[in-house]
Chemist: 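My questions all concern the structure below.
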Number of protein chains: 2
Amino acid sequence: MAKVDPSLVAHLPLFAGFTNDELEEILREAHSSRHPKNSAVFAQGEDAHSFFLLLHGHVRAAKTTPTGEQIVVRYVAPGETFGLAMAIGLTQYPATATAVDDSVVLAWPTGAWPRLVERFPPLATNTLQTVGTRLQESHTRVLEMSTQQVEQRVAHALLRLAKQSGKKLDHGIEIDFPISRQDIAQMTGTTLHTVSRILSGWESQGLVESGRQRIILREPHKIVVLAEQSANGER
Amino acid sequence: MAKVDPSLVAHLPLFAGFTNDELEEILREAHSSRHPKNSAVFAQGEDAHSFFLLLHGHVRAAKTTPTGEQIVVRYVAPGETFGLAMAIGLTQYPATATAVDDSVVLAWPTGAWPRLVERFPPLATNTLQTVGTRLQESHTRVLEMSTQQVEQRVAHALLRLAKQSGKKLDHGIEIDFPISRQDIAQMTGTTLHTVSRILSGWESQGLVESGRQRIILREPHKIVVLAEQSANGER
DNA sequence: CCGGCAATTTGCGTTAGCGCAAAACTGGCC
DNA sequence: GGCCAGTTTTGCGCTAACGCAAATTGCCGG
C-alpha cells in the first residue's frame, strides 16, 4: 500500500484539470493492491465495494449469462478506470474483472465517490466522457456484429487490441498480454474453433505469427484491409 | 416555442434533486420544437449543435455504416434525453435521430452544457447515471447477440419495447409507435425476412397479433418463456 | 373509390459458421 | 527430464439463418 506519485497519474483523462495538491487529496483516499495473474479483482454480482484504476498489468472484464456463457466486455489497459458500478447507479458489479497478468490496481471505496465528486466536480464530467466513449465503442461492436462476418470482426478486434496494448517489434506488433483463441471468440461473438481456423489461415499467409496465448501482427496493414472489406450485401 | 412547465419534467431522472426555480432557470435555455412523423431531428455526422429531451412522440436513433447498413441503437421514449454527443466529448452526432411519430422535443444548444453543468453539478451525475445505464443495456445486447439465437433475441427486443412503450389493451400489450419488421431486424442483428417468419409463426400460435408497423403481444408471458429458453450449448 | 407504393409474406437454394470429437501441441511444474 | 493440464488445431457433418425472388397485402393520397 505504497503511496502513489501524483505526477504518475496526472495525465490520465480521469484527472484532467487537477492540480497536484488536489490529486494528492484524491489519491489519499485510495490504496493500491497487487493481483497475481489469473486472480479476480472482483466478481460479477458481488457488492460494489470499490472502484479502480489500473496502474500496471492487464485486466479482463467479462460478463457471464445465467447459463454460463461468457463474453469479454473489454480489456483494461494501464491508466484506465474500471469497476465504476456505483458511478452509474449500480450496487453490484455487472461483470467479473480478472487480472490476465500480474497487475497493480488503485482502489477507492465506493463510499468515497459522492464526496469526491462533490468536492471535485470535474471528476463527474471526466467520468462521463469515459463512460460515453465506452458506450460508443459498445455501439460500434453491436454494429459490427450485425453487419460484418466473423473474419472481419476478428480483424477489427485484433487491430484494436494492438492499438490499445500493442508492443512494437521489428517484425510486427505483439499484443502485450496473454490472450487465448477463446478470449478472442468471446470478444467477437464466435467460437474458439472458428477463431483458430481464421488465425491458422492468416498464419499460413504470413499475416500473423501466433502461439499459445500470444499473437503478433506481422502485416497490420493487410489486416486492416481484411477488416474493411465489406463482404457483400446490405442488411 | 411555448414555455415548458417545470412540474411536467421535475420527475425525470435528468432533473432529480432540483427545485422548481432551478428547473425554470435550466428550461429557460431550451426551446421546444415539433418534428412530424418520419422527419430527422439530427443526422449522423452532423455538427452537434444541440442536445435533446423528448417531450412527446417517439424517436429512433440509428447508426449507419459507410456501406449503408443500419442498426437501430434505441428507441427514445418521452422523458428521455438523446443527442448527448457533447456531454461525452463528441462534436458530431454518432447516429441519426428520426421521429417515428409526430414528436415534440426540447433542445438546448450544445454551448449551454458546460455552463449548466458548472452551475448545477447534479446534471453531470444524473447524466452519468443515464449514460451508464445505456452502457449496461448495450453490453446486454452484445451478450444476447453472442449467445442467443434470433428467435430469442426478437422476443427480448419486443418485451423491452413493450415495457418501455407498451400500451395496455384488454387483449394484450401494443407497442405504441409504428415499427416495421425491418426495424426489429436492425435491433436484433438479423434480416427482415427472418423477423417476418418468426412473427408469422408466433401469430399462428396466437402469441402476437401484428400488422403493418404494428405489433400487439397477446401472450406476453409465453413470449417471456420463449425469450428465456436457452436453446442449447455453451459458447 | 382507385392507383400505387411500401411493407409483409413465403418459397427455395445456399452457406457461413457451429458443434462435436479427436488429435497434436506447449509450457509449466515437480 | 518427463508428466499433465490447458490450449490449439483440424476434420466432418449439420443447420440456422441468409439471400434472392416473387407474390400478396394494406394503407395513403388524390
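Reminder, nothing fancy here: chain letters follow the sequence lines and each chain counts from 1.
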Chemist: Measure CD1/A:Ile198 against P/D:dT9 and give the value in whole Å, please.
Modeler: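 Answer to the nearest Å: 12 Å.
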
Chemist: For A:Phe42 and A:Phe52, I'd like to know if the aromatic rings sit close, meaning centre-to-centre distance below 6.0 Å.
Modeler: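 A:Phe42 vs A:Phe52: aromatic centres under 6.0 Å.
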
Chemist: List every contact pair, protein side and nucleotides 11-13 of chain C side both N or O, where the distance is under 3.5 Å.
Modeler:
from   : atom 1 : to       : atom 2 : distance (Å)
C:dG11 : N7     : B:Arg197 : NH1    : 3.2
C:dG11 : O6     : B:Arg197 : NH1    : 3.4
C:dG11 : O6     : B:Arg197 : NH2    : 3.3

Chemist: Taking B:Ala107's backbone N and O only, do any of them form a donor-acceptor pair with B:Ser50's side chain (distance below 3.5 Å, no angle check)?
Modeler: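 Between the backbone of B:Ala107 and the side chain of B:Ser50 there is no qualifying donor-acceptor contact (under 3.5 Å).
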
Chemist: Is it the case that over 12 heavy atoms from other parts of the model lie below 6.0 angstrom from the NE2 atom of A:His221?
Modeler: no

Chemist: Please answer whether the main-chain N or O of A:Ala77 pairs with a side-chain N or O of A:Glu80 as donor and acceptor at a distance below 3.5 Å.
Modeler: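 Yes: the side chain of A:Glu80 pairs with the backbone of A:Ala77.
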
Chemist: Would you mind classifying the nucleic acid contact of A:Ser180 as base, sugar-phosphate or nothing, using non-hydrogen atoms under 4.0 angstrom?
Modeler: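 A:Ser180: backbone/sugar contact only, no base atoms under 4.0 Å.
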
Chemist: Among side-chain atoms of B:Ser33 and B:His31, is any donor-acceptor pair under 3.5 angstrom?
Modeler: no

Chemist: Could you tell me how far apart A:Gln148 (CD) and C:dG17 (C1') are, to the nearest whole angstrom?
Modeler: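 Between C1' of C:dG17 and CD of A:Gln148: 16 Å.
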
Chemist: What's the closest nucleotide to the side chain of A:Thr190 if the choices are C:dC18, C:dT10, D:dT10?
Modeler: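 Nearest listed nucleotide: C:dC18.
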
Chemist: Mark yes or no for whether A:Ser138, through its side chain, and A:Arg134, through its backbone, hold a donor-acceptor pair below 3.5 Å.
Modeler: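 Judged by distance alone, no pair lies under 3.5 Å.
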
Chemist: Taking atom C1' of C:dT8 as reference, at what distance in whole Å does atom CD of B:Glu209 sit?
Modeler: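 After rounding, the gap between these two atoms is 16 Å.
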
Chemist: What is the per-nucleotide protein-contact pattern of nucleotides 24-30 of chain D, from the 5' end, where B denotes a base atom under 4.0 Å from a protein heavy atom, S denotes such proximity for sugar-phosphate atoms only, and - denotes neither?
Modeler: -BBS---

Chemist: Measure from the side-chain heavy atoms of A:Ser200 and tell me the nearest of D:dT10, C:dG17, D:dA16.
Modeler: D:dT10

Chemist: Output all residues satisfying salt bridge (charged side-chain N to carboxylate O under 4.0 Å, His left out) with B:Arg160, sequence neighbours left out; order by chain, then residue number.
Modeler: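 Expected list: B:Glu144.
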
Chemist: Among all residues two or more places apart in sequence or in another chain, which pass the side chain to side chain contact (heavy atoms under 4.5 Å, CB included) test with B:Glu174?
Modeler: B:Lys167, B:Leu169, B:Arg214, B:Ile216

Chemist: Can a side-chain donor-acceptor contact be found between A:Thr194 and A:Thr191 if the only test is distance below 3.5 angstrom?
Modeler: yes

Chemist: OP1 or OP2 of D:dT9 less than 4.0 angstrom from a side-chain nitrogen or oxygen of A:Ser196, does that happen here?
Modeler: yes

Chemist: Using whole Å, what does the distance between atom C1' of nucleotide D:dT10 and atom CG of A:Leu199 come to?
Modeler: 14 Å

Chemist: Can you tell me if A:Gln182 touches the phosphate of D:dT7, counting only side-chain N or O atoms and a distance under 4.0 Å to OP1 or OP2?
Modeler: no

Chemist: Return the value, rounded to whole Å, for the distance between atom CD of A:Gln213 and atom P of C:dC25.
Modeler: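 Nearest whole value for this atom pair: 19 Å.
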
Chemist: For a 4.5 angstrom cut-off between non-hydrogen side-chain atoms, does A:Pro13 reach A:Gln129?
Modeler: no

Chemist: Taking only residues at least two apart or on different chains, which pairs with a member in residues 45-68 of chain A satisfy salt bridge (charged side-chain N to carboxylate O under 4.0 Å, His left out)?
Modeler: A:Arg60-A:Asp183

Chemist: What's the CG-P distance between B:Asn38 and C:dC5, to the nearest Å?
Modeler: 17 Å

Chemist: If I take atom CD in residue A:Glu203 and atom C1' in nucleotide C:dC25, what distance separates them, rounded to the nearest angstrom?
Modeler: 13 Å

Chemist: Starting at the 5' end of DNA chain C, which residue's closest nucleotide do you reach first, A:Gly211 or A:Glu151?
Modeler: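 The residue whose closest nucleotide sits nearer the 5' end is A:Glu151.
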
Chemist: Go through the side-chain N and O atoms of B:Thr188 and B:Thr190 and say whether any donor and acceptor fall under 3.5 Å apart.
Modeler: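 Result is no, nothing qualifies.
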
Chemist: Angle, rounded to 10°, between the helical axes spanning five pairs at each terminus of the helix from C:dC1-D:dG30 to C:dC30-D:dG1?
Modeler: 50°

Chemist: What is the distance from CE of B:Met145 to C1' of C:dG17, rounded to the nearest Å?
Modeler: 15 Å

Chemist: From C:dT8, D:dT8, C:dC18, pick the nucleotide closest to the side chain of A:Leu192?
Modeler: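 Minimum distance to the A:Leu192 side chain belongs to D:dT8.
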
